[in-house]
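Take a look at the structure below.
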Amino acid sequence: MKLAILGGGGFRVPYVYQALLRDHGSPRIEEVWLQDSDAGRLDGMAAVLAALADEDAGGAGAAPKVFTSTELDKALEGADFVFAAIRVGGLAGRVCDERVALDLDVLGQETTGPGGLAYGLRTIPVMLDIARRVKALAPDAYVINFTNPAGMITEAMQSVLGDRVLGICDTPSGLGTRVAAALGLDPSRVQLDYVGLNHLGWMRRILHDGVDVLPRLLADDDLLGSLEEGVVFGRDWLRDLGVIPNEYLYYYYFNREAVRATLDAPQTRGEFLAKQQAAFYERIAAASGGAAMELWRETVASRSASYMAEMKGADTGTELAGHAGVDPVDEGYAGVALSVMAAISRNEPATMILNVRNGTTVRALPEDAVVEVPVLVDAGGVHPLTLAQPDLHQAGLMQQVKAVERLTISAARTGSRAEAAKAFGLHPLVDSVSVGRRLLDGYAARIPEVAAVFAGGT
C-alpha cells in the first residue's frame, strides 16, 4: 500500500515512520511519499527516516521505501491513505496569529480563539484544493487530517470527500492512557466517555472493566495533582466540574490568566518554535545518518518539555522537569493513525476518539458538523458510538464555537469578509464585535494568505 504524507518535511513525520516500522501486519504500507513545498526540509526528513530504517534493520519486515516530491499530484496518485499535516503561511503565519490578537489584549494561540480562525481562513482553500486532487487521483483513499484547526479543516474537506476524511487529535486518548498509568490499570481495558469538538471537549467517565474510575481519580490529591490537567486547571476546578476537560479549555475557563501569562512571556510559542526549527533545519542540512536522527530527537525532546510552559507558571520555551523525551502529542498522533489504517485495510476493529461527521451523535449540533467523539473503525469505515448528551454548559459552548467555525468555513470558501467579521465578532474569546473587526483587519494586513482569501470577495 502507498501512504502520501503532505507536509512531509514536518516534525511529526519520523513518528509516523517509526510506527510503520513497528507494524508487521499484512497488508502494510510499502511506499511512503513525502510531499512538501520546501525541498530542503524534505531532504532533512528523508535523512532522519533513512537513519530510523537503518536502526531497525533487524526488524521483522522490510522498511517502507521513502520517496520525496515537491509535486502534490505525484505524491497523491494511487495513494491508499493520505496524511495531511501542512502549515499554510509557515511559522511566520503562526507568529502573526498570536501577535495580532495579543496586541489587542485577546488570547493569541494557534488553534483556540481568533488565531485559530485566521489559521483556518488561509488553510481551508488550500485543503479544499487538496481534497479535489485526492478525489481525482486517489478516489478510494482515506484522508487522515492532522492539519489544524483539525475539526474545522476536516469539516471543510468532508464537503468534497465525505466520510473518507477524518481528523486526529491525540489529546483525549492520551489522557485516558495517562490516567490508566496513574491508577496502575491496563490501558487496553479502559473505555473513554468523551464528547466535544477538537480542542474543546470533556472526559466524563473513564471505564475500566465497566467500572468508572474517574471518581477515584478526582478524590486522590496526589494522583490528580500528578496529571497534566491537574497542573493546568488545578484540582479544585476539576472536582467542581466532576469531569476532566481537554487542556485547551484552560483558555476558556481561565481566559484572563492565559492572556496575561502570554503577554508577560518574553516570546510566544510560535516565536520559540520558529527559532528552534530554523536552527534545526540549518543544522540538519549538514547532517546525515545517525547524526540527523539524534538532532531530531534532541529537538523534539525540547519541544515536548516546553509544551504549555506559560500556562504552568514558566516562560514560553522553558523546559519543565519531567516532560522531556517523547512528545506525547506527536507520537500519539502516529499511533492513532496507524490504528486507523490497520482497522480499515485489515479489518482490525478499533475504538478511538476521532473528529468525524456528527450524524445524530450530538443532538445539539447539525448532522454534518464534525465532532470529536468515540468511534468504532473497521473495514466498513468510521462509526460514531452512542453516547450520553452533553450538559447544558457544554452544549452551549460547543454550539457557539461550531457556529463560528462554520462561518469561517463559509468565509474561506466564498471570500466573504462579512462572514469572517461575523465569525471573529461572535467568538466567545473575543466578546466584542468592534475588536473582532480589528482582529480581521490586522490578520488581513499582516498575513498575505489571509488577505488573498478576500481578493474579489465581499
Side-chain angles (χ1 to χ4, degrees), residues 1-17 19-20 28-53 63-94 119 122-148 150 153-154 156-161 164-168 277-278 280-282 284-285 288 292 296 333-334 337 341 345 412-413 448-449 452-453:
M1 296 191 297
K2 175 180 177 178
L3 168 65
I5 302 179
L6 313 185
F11 267 79
R12 290 177 180 150
V13 171
Y15 286 119
V16 174
Y17 195 67
L20 295 175
R28 67 192 293 258
I29 297 298
E30 297 174 333
E31 291 187 10
V32 176
W33 282 74
L34 308 183
Q35 187 276 333
D36 202 291
S37 59
D38 189 322
R41 288 189 171 215
L42 285 175
D43 290 342
M45 278 301 121
V48 175
L49 301 197
L52 289 172
K65 295 179 181 179
V66 176
F67 303 85
T68 63
S69 178
T70 56
E71 299 177 26
L72 176 64
D73 286 3
K74 191 173 183 180
L76 288 178
E77 188 171 10
D80 298 282
F81 293 94
V82 178
F83 288 4
I86 69 171
R87 183 179 290 281
V88 177
L91 282 172
R94 175 174 179 170
Y119 193 8
R122 66 179 181 271
T123 304
I124 287 166
V126 176
M127 297 302 288
L128 286 173
D129 181 63
I130 288 172
R132 288 187 283 267
R133 299 312 301 150
V134 171
K135 188 173 184 178
L137 297 168
D140 296 327
Y142 275 83
V143 176
I144 300 174
N145 178 51
F146 300 96
T147 302
N148 279 320
I153 300 302
T154 301
M157 294 185 77
Q158 284 192 350
S159 67
V160 178
L161 294 171
R164 284 188 173 273
V165 184
L166 52 92
I168 288 182
Q277 291 193 20
F280 168 81
Y281 285 110
E282 181 179 347
I284 203 169
S288 61
W296 172 74
Y333 274 114
M341 292 194 297
S345 64
R413 297 189 70 169
E449 294 86 356
V453 169

Result of checking Leu34, Val126, Leu72 against Leu6 for side-chain contact (heavy atoms from CB on, under 4.5 Å): Leu72
What are the two closest heavy atoms between [X] and [Y], and how far apart are they?
{"X": "Glu449", "Y": "Gly89", "value": "OE2-CA, 3.6 Å"}
{"X": "Ala141", "Y": "Val82", "value": "CB-CG2, 4.3 Å"}
{"X": "Pro64", "Y": "Tyr17", "value": "O-OH, 2.7 Å"}
{"X": "Ile124", "Y": "Ala156", "value": "CG2-CB, 3.9 Å"}
{"X": "Lys65", "Y": "Phe67", "value": "CB-CE1, 3.8 Å"}
{"X": "Ala138", "Y": "Gly78", "value": "CB-N, 4.3 Å"}

Quick check: do [X] and [Y] have side-chain heavy atoms less than 4.5 Å from each other?
{"X": "Leu91", "Y": "Gln277", "value": "yes"}
{"X": "Leu20", "Y": "Met341", "value": "yes"}
{"X": "Val32", "Y": "Val13", "value": "no"}

Stepwise side-chain contact (heavy atoms from CB on, under 4.5 Å) check, Glu71 with Glu77: CA-CA 11 Å; Glu71 299 177 26; Glu77 188 171 10; over 6 Å; no
Thr147 and Met127: CA distance, side-chain angles, deciding distance, side-chain contact (heavy atoms from CB on, under 4.5 Å) verdict: CA-CA 9 Å; Thr147 302; Met127 297 302 288; 3.8 Å; yes
Residue pairs fulfilling ring pair (Phe, Tyr, Trp, His ring centres under 6.0 Å) with at least one residue in residues 69-94, sequence neighbours excluded: Phe83-Phe146
Distance under 6.0 Å and angle within 45° of ring axis: Lys2 vs Trp33: yes
Aromatic plane relationship, Tyr281 with Phe11 - under 30° parallel, 30 to 60° tilted, over 60° perpendicular: perpendicular
Find the distance between [atom1] ([X]) and [atom2] ([Y]) and round it off to the nearest 0.5 Å.
{"X": "Ile86", "Y": "Gln35", "atom1": "CD1", "atom2": "CD", "answer": "8.5 Å"}
{"X": "Asp38", "Y": "Met45", "atom1": "CG", "atom2": "CE", "answer": "11.0 Å"}
{"X": "Thr70", "Y": "Asp36", "atom1": "OG1", "atom2": "CG", "answer": "9.0 Å"}
{"X": "Leu128", "Y": "Leu161", "atom1": "CG", "atom2": "CG", "answer": "9.5 Å"}
{"X": "Asn145", "Y": "Ile168", "atom1": "CG", "atom2": "CD1", "answer": "9.0 Å"}
{"X": "Ile29", "Y": "Ser345", "atom1": "CD1", "atom2": "OG", "answer": "7.0 Å"}

Set of salt bridge (charged side-chain N to carboxylate O under 4.0 Å, His left out) partners for Asp73, sequence neighbours left out: Arg133
Set of side chain to side chain contact (heavy atoms under 4.5 Å, CB included) partners for Gln158, sequence neighbours left out: Thr154, Asp163, Val165, Arg357, Val370
For Ala51, side chain to side chain contact (heavy atoms under 4.5 Å, CB included) partners two or more places apart: Met293
Under 3.5 Å donor-acceptor, Arg122 side chain and Val88 backbone: yes
Ala85 backbone acceptor or donor facing Arg12 side chain under 3.5 Å: no
Residues in side chain to side chain donor-acceptor pair (under 3.5 Å) contact with Arg132, at least two apart in sequence or another chain: none
Salt bridge (charged side-chain N to carboxylate O under 4.0 Å, His left out) contacts in which one or both residues fall within residues 80-92, not counting sequence neighbours: Arg87-Glu110
